[in-house]
Amino acid sequence: MSTNPYDWIEESLETIHRANWYRSVKTISNRSGAVVELEGRSLINFASNNYLGLAGDERLIQAAIEATKALGTGSTGSRLLSGHRELHRELESAIASLKQTEDALVFSSGYLANLGTIAALVNQRDLIFSDRYNHSSLKNGAKLSGAKVIDYLHCNLEDLETKLQQYRQQYRRCLILTDSIFSMDGDLCPLPQLLSLAEAFECMVLVDEAHATGVMGKTGAGCVEYFNCTGRPLIQMGTLSKALGSLGGYVAGSTMLIDFLRNRAATWIYTTGLSPADTAAALEAIKIVKIERDRRQKLWNNVNLLKQQLSGLNILPSESPIICLGVDTSVQALNIAKQLNENGIFAPAIRPPTVPTSRIRFSVMATHESSHIQQLGQIFCRLG
Ligand SMILES: *Cc1c(COP(=O)(O)O)cnc(C)c1O
């Protein structure tokens, strides 16, 4: 009997459908902002990571155009061969200056920054502790490294400490991985206490500031700044693709760390350098983050307004512009997202396996108008 070796794919897809886990892309046809054209309809956008509205900002667009005209569309090689431009160094200096670190290194995406950095820092002889709710890129970076990986309960430092006592001594190096703002929940990791615990057990810490950069802290440097942990020994990573409105990832830390990564991070060494357009747009975004503090203030005003509008509903604990409405089932989440869509709101249903429990995820932007957020409140009132 001969069987088709690809048959399992169809069966697997059917399983995904049966669990209501099936996903597909939706097409946006305008410049992404507080309002998007989604499949022919105009919707208020609560689905993007464009927290400061910079992805559609004229200044970033101009910077990208000028860099493209000067340097072309592609960087044509890896940074260590033909792909390095002065613009990359300028961006890395700007990131280091924003983060108040000695140096920084730009990767082609945040995902690749995590994979490459984690795999360069630890191996089979080492130990990783990882928050259960960490982003996929941290989890897969941990797997790729070959280190022993132990998950701890979400933001639970008692659990982490118990596990450190039990396992730390049996391994050479130890690395603790955490999101700073948890991407699908919107809560914050208890960073100062986590760093103290790491110090006590001689552990490195990598904190993922993907959703916090440009958003948290007085100057927009992230949760490290927000928690007054600037200057403490740790490894910060983040993305250029969320509040900074571009594409790419970065790691910020000591001169030694960055020099080491330039020599050991495979996802940096063996991939093409960031395009001139993406590099220039991110650089422009960092300049704006530094000078336009009122943009961040507007974002936080909008966050407070949204929380007020949704009060009385099952809102998950959040201290960020990510605000989630918890629901019981995948089907329920899909229904609510559909009803919101019919009423002019774009907010996604987030379901297992991305998260353990289903929810509707709203992300707030500085460029939302008050009326956008009030409209959302009115819809929930009407739908009950
Ligand atoms: C989005 C995200 C990443 C990946 O960043 P990209 O630049 O989009 O690859 C990493 N970590 C977290 C927590 C994220 O939310």
Side-chain angles (χ1 to χ4, degrees), residues 25 32 46-52 54-55 60 88 91-92 95 99 104-119 128 130-145 151 154-155 175-189 191 194 205-216 222-224 226 234-252 265-268 271-275 277-279 281-283 285-286 318-324 348 350 353-355 359 361-365:
V25 297
S32 183
F46 287 101
S48 89
N49 300 315
N50 184 17
Y51 300 110
L52 299 174
L54 292 178
L60 272 71
H88 292 123
L91 175 58
E92 287 166 347
I95 293 167
K99 300 279 174 178
L105 187 64
V106 169
F107 289 71
S108 302
S109 77
Y111 208 111
L112 288 171
N114 272 335
L115 292 187
T117 302
I118 297 166
I128 286 176
S130 173
D131 188 291
R132 263 178 75 194
Y133 286 9
N134 273 343
H135 188 260
S136 158
S137 55
L138 291 170
K139 292 184 174 177
N140 279 327
K143 244 190 237 172
L144 181 66
S145 75
D151 283 357
H154 178 53
C155 288
L175 174 65
I176 300 172
L177 302 177
T178 187
D179 283 17
S180 63
I181 294 180
F182 284 86
S183 53
M184 292 299 146
D185 295 77
D187 55 348
L188 308 185
C189 93
L191 191 63
L194 184 84
V205 176
L206 187 156
V207 60
D208 182 334
E209 295 263 55
H211 292 273
T213 301
V215 168
M216 301 296 292
C223 280
V224 174
Y226 172 82
L234 83 164
I235 299 160
Q236 303 179 51
M237 71 71 60
T239 179
L240 308 173
S241 66
K242 286 173 178 145
L244 301 180
S246 181
L247 184 67
Y250 64 81
V251 174
T267 63
W268 185 81
T271 197
T272 302
L274 211 57
S275 77
D278 291 322
T279 311
L283 185 57
I286 291 175
S318 163
E319 293 163 89
S320 74
I322 299 166
I323 295 166
C324 292
I350 311 286
T354 307
V355 288
R359 66 204 61 184
R361 179 177 183 271
F362 301 96
S363 59
V364 181
M365 296 172 65

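In listed order, ligands and their atoms are each counted from 1.
Salt-bridge formation is detected for the pair Asp185/Arg359: a Lys NZ or Arg NE/NH1/NH2 atom is positioned less than 4.0 Å from an Asp or Glu carboxylate oxygen.
The two residues Asn134 and Leu138 make their nearest non-hydrogen contact at CG-CD1, 3.6 Å. Here the closest heavy-atom approach between residue Gly214 and residue Leu52 is recorded as O-CD1, 3.4 Å. When every heavy atom of Leu274 is checked against every heavy atom of Leu247, the shortest pair comes out as CD1-O, 3.6 Å. The two atoms that bring Ile181 and His211 nearest to each other are CD1-O, 3.5 Å, heavy atoms only. Across Thr271 and Ser108, no two heavy atoms sit closer than the pair CG2-OG, 3.6 Å.
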Atom pairs, nitrogen or oxygen, ligand 1 to protein, under 3.5 angstrom:
from     : atom 1 : to     : atom 2 : distance (Å)
ligand 1 : 7 (O)  : Gly110 : N      : 2.7
ligand 1 : 7 (O)  : Thr239 : OG1    : 2.6
ligand 1 : 7 (O)  : Ser241 : OG     : 3.4
ligand 1 : 8 (O)  : Ser241 : OG     : 3.4
ligand 1 : 9 (O)  : Gly110 : N      : 3.2
ligand 1 : 9 (O)  : Tyr111 : N      : 2.9
ligand 1 : 11 (N) : His135 : ND1    : 3.3
ligand 1 : 11 (N) : Asp208 : OD1    : 3.4
ligand 1 : 11 (N) : Asp208 : OD2    : 2.6
ligand 1 : 15 (O) : His211 : NE2    : 2.6
ligand 1 : 15 (O) : Lys242 : NZ     : 2.5

